[in-house]
Amino acid sequence: MWIEPRMSSFKKEVVSLLSETTEVPPEEIASRLEYPPDGSFGDLAFPCHLLSKRLKKPPQAIASELAERLSPRASIDRIAATGPYLNFFADPAILATEVVSSIISQREDFGFSDEGRGKTIVIDFSSPNIAKPFGVGHLRTTVLGNGLYHIFSKLGYKLVRVNHLGDWGTQFGKLITAFKLWGDEARLEKDPIGELFDLYVEFHRRAETDSSLEEKAREEFRKLEKGETETSEFWRRFKDLSLQDFDRIYRLLGIEFDSYAGESFYNPYIEKTIEALKSAGLTRVSEDALIVDLEKYGMPPCLLKKRDEATLYATRDIAAAIYRYETYKFHKNLYVVGSAQRLHFQQVFKVLELMGYPWSKDCHHIELGWIKFEKGAMSTRKGNIVFLEDVLSKSVELVKSIIEEKNPTLEDQDRVARQVGVGAVVFWDLSARRNKDINFSWEEALNFEGQTGPYLQYTHARLASVMRRYGEPLPPHPDLSLLSGAQEQKVIKLLSRFPEHLQRAAFDYEPYHLVSYLLELASAFNSFYQSQRILCEDLNLRSARVSLAEATRTVLKEGLRLLGMESPESM
RNA sequence: GCCCCCGUAGCUCAGCCGGACAGAGCAUCUGCCUUCUAAGCAGAAUGUCGCAGGUUCGAGCCCUGCCGGGGGUACCA
């Protein structure tokens with residue numbers, strides 16, 4: 001059960017009041033409290049169905065009885081029964097003062113927690129395959145992993161971002177074979193990824209009719225694993241060229257890694273790992289392959305070595321997990337990888353458990369849905385793929401033309417276009433829960449209206465603009481109790497919930513929770529903005545509203561940062 | 001065959017632990033820029049929550065079966 005670790009003083013008050021009178025433990029009360037669907041019902045609701053069995057009374061009676069007995073205190077303004085619900089209303093003045101002033105004073109640290117102090121989380125994400133183009137399909141793991149990195153960091157954890165490059169395996173045998181047969185040296189220099197990609201597609205096309213190619217590829221990979229010079233040279237070159245290409249994309253997205261230890265990195269640890277498995281009596285030979293039998297656990301066997309002695313990715317993942325524990329002593333070890341690999345990770349984690357590692361339970365596969373095309377799935381092998389770089393640059397171009405049309409005098413247009421263009425694509429990817437398959441369409445990924453990244457960025461720019469117009473230091477002692485209007489209160493209530501949404505996003509490994517929260521916040525603010533003037537005549541009210549605007553700006557900006565997006569000051 | 005995920009408005013998706021009338025955005029239609037950025041706001045319209053049973057005071061949510069889509073199921077990752 002998810003227990004919310006931090007509460008506003010209003011919620012604490014409600015919890016303790018209810019707990020005292022009903023003798024239900026505070027934790028249970030806290031976990032049962034709901035936000036009413038509509039503000040007119042109240043700010044927090046306690047469903048009395050829960051007590052109805054114990055007290056042998058209908059919930060409606062319990063609610064009205066409790067409403068009679070309980071008296072409001074401190075930050076609780078009013079208590080009322082509505083049907084089976086007991087509704088609590090927060091004191092608007094106290095709430096406004098508490099929330100706005102704490103955001104103003106804590107600034108971007110608002111929502112920070114030290115729950116993760118002294119704990120390390122290893123997060124494996126992005127992990128593209130060397131020598132293949134970086135497709136939109138790779139966006140999910142990259143953006144989601146980066147989001148989780150920011151979110152957990154904010155909760156005080158120390159994060160180790162690992163880019164587990166796919167730089168090993170039979171695919172390199174294929175590439176080397178193809179390059180030897182049909183490679184174009186000059187083109188490799190000029191357009192490395194393009195050349196390698198075409199060779200890869202060519203290989204698979206020809207392999208359909210020529211089965212000797214697959215055999216040649218396996219032979220090349222065997223040479224690579226043995227460290228033969230000529231083969232290793234090819235590999236090294238392909239890898240370096242690819243990394244340069246990826247680096248360009250990571251810079252555009254503002255993503256960094258702490259380690260690029262990919263599959264090849266663990267090569268020296270493989271034999272040791274296999275020996276450990278053997279001496280633990282876990283392995284056996286079956287159909288000429290070395291396996292760990294997992295039938296007892298309802299899973300197919302975990303393959304460690306193929307018939308031809310070459311290793312598989314399960315072997316490398318086992319070695320990598322052990323390495324990561326020994327190196328980082330992680331509290332959690334996360335794999336942000338497509339759900340297609342679910343069984344693979346179940347097998348790997350089970351093998352680690354059988355090896356006697358108690359930390360195997362701290363390894364989690366953060367499953368992701370696919371990015372699909374209307375016309376069937378993407379496949380690198382078949383060559384139908386949309387390059388992420390094309391999507392990003394198209395988006396940036398489109399933003400540029402919109403700026404020219406809407407805000408031609410804007411300074412630093414290229415920079416803003418990049419921030420907004422990239423932000424739109426990043427946000428699009430985060431705009432559904434992570435295990436959902438999403439369809440790639442240019443129209444949707446490059447939409448800038450409604451629930452989109454640019455909408456949030458625009459709201460931020462608008463706030464920044466108001467603050468510029470205000471042009472003075474923040475008022476030192478605003479009377480925040482003046483923020484009693486319905487729209488102001490709605491924004492304030494949402495601001496107060498930022499920490500819990502953050503917490504929930506971390507708990508579920510689901511940045512989407514943060515996404516939907518930010519949309520709600522932006523919408524509530526825009527609603528307020530449209531109907532009330534912030535820089536109004538009444539100076540006391542102006543001070544209070546400016547403070548509210550600044551608090552909203554702070555939370556929006558910080559939220560966007562956590563999602564890996566920038567917040568332009570104007571756009 | 002077996003296992004897993006998904007099915008909610010024309011489209012894309014929310015719906016927290018079973019709880020108040022099933023909600024947003026896009027698209028469509030109607031208003032609002034001489035006042036803080038209209039990439040915005042206000043409003044209208046749109047539903048057999050895949051189908052059939054069951055559990056429950058109460059089911060979009062839990063259980064069973066079926067239908068449809070996707071994925072996995074020993075030498076790709």
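Order of the sequence lines sets the chain letters (A, B, ...), proteins ahead of strands, with each chain counted from 1.
Both distances falling under 3.5 Å, in either a Watson-Crick or a G-U wobble arrangement, place U73(B) opposite G1(B). Pair assignment for A14(B) gives none, since no Watson-Crick or G-U wobble pairing has each distance under 3.5 Å. Summarising the base pairing, A9(B) is matched to no nucleotide, lacking a Watson-Crick or G-U wobble pair whose two defining distances lie under 3.5 Å. Nucleotide C36(B): unpaired (no Watson-Crick or G-U wobble partner with both distances less than 3.5 Å). Nucleotide A20(B) is matched to nothing when pairs are restricted to Watson-Crick or G-U wobble geometry with both distances under 3.5 angstrom. Figure legend. C49(B) is base-paired to no nucleotide; pairs are counted as Watson-Crick or G-U wobble with both atom distances under 3.5 Å. In this entry A44(B) has U28(B) as its Watson-Crick or G-U wobble partner, both defining distances falling under 3.5 Å.
Regarding Arg468(A), its CZ atom lies at a distance of 9 Å from the C1' atom of U37(B), rounded to whole Å. One atom, CZ of Arg342(A), and another, C1' of G70(B), lie 14 Å apart when rounded to the nearest Å.
Comparing Ile534(A) and Lys305(A) along RNA chain B, the residue whose closest nucleotide (by nearest heavy atom) sits nearer the 5' end is Ile534(A). Residue whose closest nucleotide on RNA chain B sits further toward the 5' end, between Ala432(A) and Arg218(A): Ala432(A).
Comparing C13(B), G40(B), A77(B) by their closest approach to the side chain of Arg462(A) singles out G40(B). Among G40(B), G70(B), C6(B), the nucleotide with an atom closest to any side-chain atom of Lys436(A) is C6(B). For Val466(A), counting side-chain heavy atoms from C-beta on, the closest listed nucleotide (U37(B), A77(B), A74(B)) is U37(B). Here A77(B) is the nucleotide among A74(B), U8(B), A77(B) with the atom lying nearest to any side-chain atom of Glu263(A). In the set A20(B), A39(B), A14(B), the nucleotide with an atom closest to the side chain of Tyr512(A) is A14(B). Distances were taken from every side-chain heavy atom of Asn435(A) (C-beta onward) to each of C6(B), G40(B), A39(B); the shortest belongs to C6(B).
At the heavy-atom level, Met571(A) lies under 4.0 Å from base atoms of the strands shown. Residue contacts for Pro47(A): at a heavy-atom cut-off of 4.0 Å it reaches no nucleic acid atom on any strand shown. At a threshold of 4.0 angstrom between heavy atoms, the contacts of Gln532(A) include nucleobase atoms, whether or not backbone atoms are also involved. Leu535(A) comes within 4.0 angstrom of a nucleotide base, judged by non-hydrogen atoms across all strands. Among the heavy atoms of the strands, none lies under 4.0 Å from Arg545(A). Using a 4.0 Å heavy-atom cutoff across all strands shown, Tyr470(A) reaches no nucleic acid atom at all. Contacts of Ser570(A) with the nucleic acid, taken as non-hydrogen atoms under 4.0 Å apart, include base atoms. Using a 4.0 Å heavy-atom distance criterion, Leu343(A) is classed as a sugar-phosphate-only contact. Among the heavy atoms of the strands lying under 4.0 Å from Arg469(A) are primed sugar atoms or P, OP1, OP2 only; no base atom is included. At a threshold of 4.0 angstrom between heavy atoms, the contacts of Asp167(A) with the nucleic acid are absent. Base contact: Pro36(A) has a heavy atom under 4.0 Å from a base atom. Contacts of Ile403(A) with the nucleic acid, taken as non-hydrogen atoms under 4.0 Å apart, include base atoms. At the heavy-atom level, Ala461(A) lies under 4.0 Å from base atoms of the strands shown. At a threshold of 4.0 angstrom between heavy atoms, the contacts of Ser531(A) with the nucleic acid are absent.
G71(B) and C29(B) have their C1' atoms separated by 41 Å, with the value rounded to a whole Å. Annotation: G58(B) and A74(B) have their C1' atoms spaced 49 Å apart (nearest Å). Here, A45(B) and C51(B) have their C1' atoms 28 Å apart, quoted to the whole Å. Here, G69(B) and C63(B) have their C1' atoms 23 Å apart, quoted to the whole Å. Between A24(B) and A14(B), the two P atoms lie 16 Å apart (nearest whole Å). G10(B) and C6(B): their P atoms are spaced 22 Å apart (whole Å). G65(B) and A22(B) have their P atoms separated by 30 Å, given to the nearest Å. When the P atom is used for both C16(B) and A20(B), the distance is 11 Å, rounded to whole Å.
Between Asn526(A) and G40(B), a side-chain N or O to OP1/OP2 separation shorter than 4.0 Å is absent. Taking 4.0 angstrom as the limit, Arg433(A) places a side-chain polar atom (N or O) nearer than this to OP1 or OP2 of G15(B). Contact annotation: Ser339(A) does not reach the phosphate of C4(B) (side-chain N/O to OP1 or OP2, under 4.0 Å). For C41(B), one of the phosphate oxygens OP1 or OP2 lies less than 4.0 angstrom from a side-chain nitrogen or oxygen of Tyr455(A).
Residue-to-nucleotide contacts include a donor-acceptor pair under 3.5 Å from the side chain of Tyr313(A) to the base of A77(B). Taking only distance into account, the side chain of Ser516(A) never meets the base of A24(B) through a donor-acceptor pair shorter than 3.5 Å. Glu449(A) contributes no side-chain N or O that forms a donor-acceptor pair with the base of A39(B) under 3.5 Å.
Using cut-offs of 30° and 60° on the angle between ring planes, the pair Trp168(A) and Trp235(A) is perpendicular. Taking the six-membered ring where tryptophan is involved, the planes of His204(A) and Tyr200(A) are perpendicular, since the angle between them exceeds 60° and thus also 30°.
In this structure, C33(B) shows a glycosidic angle within 90 degrees of zero, which is the syn conformation.
Remark: Arg504(A) is not positioned above the aromatic ring of Tyr517(A), lacking an NZ or CZ atom under 6.0 angstrom from the ring centre and at most 45 degrees off the axis. A cation-pi arrangement, defined by a distance under 6.0 Å to the six-membered ring centre and an angle within 45 degrees of its axis, is present between Arg78(A) and Phe89(A). Both tests hold for Lys350(A) against Tyr297(A): distance to the six-membered ring centre under 6.0 Å, angle to the ring axis within 45°.
The main-chain N or O of His138(A) is found under 3.5 Å from a side-chain atom of Thr142(A) such that the two form a donor-acceptor pair.
For the residue pair Pro511(A) and Leu144(A), the shortest heavy atom distance occurs at CD-CD2, 4.1 Å.
Under the salt bridge (charged side-chain N to carboxylate O under 4.0 Å, His left out) test applied with Glu367(A), the options Arg433(A), Lys436(A), Arg342(A) reduce to a single match, Arg342(A).
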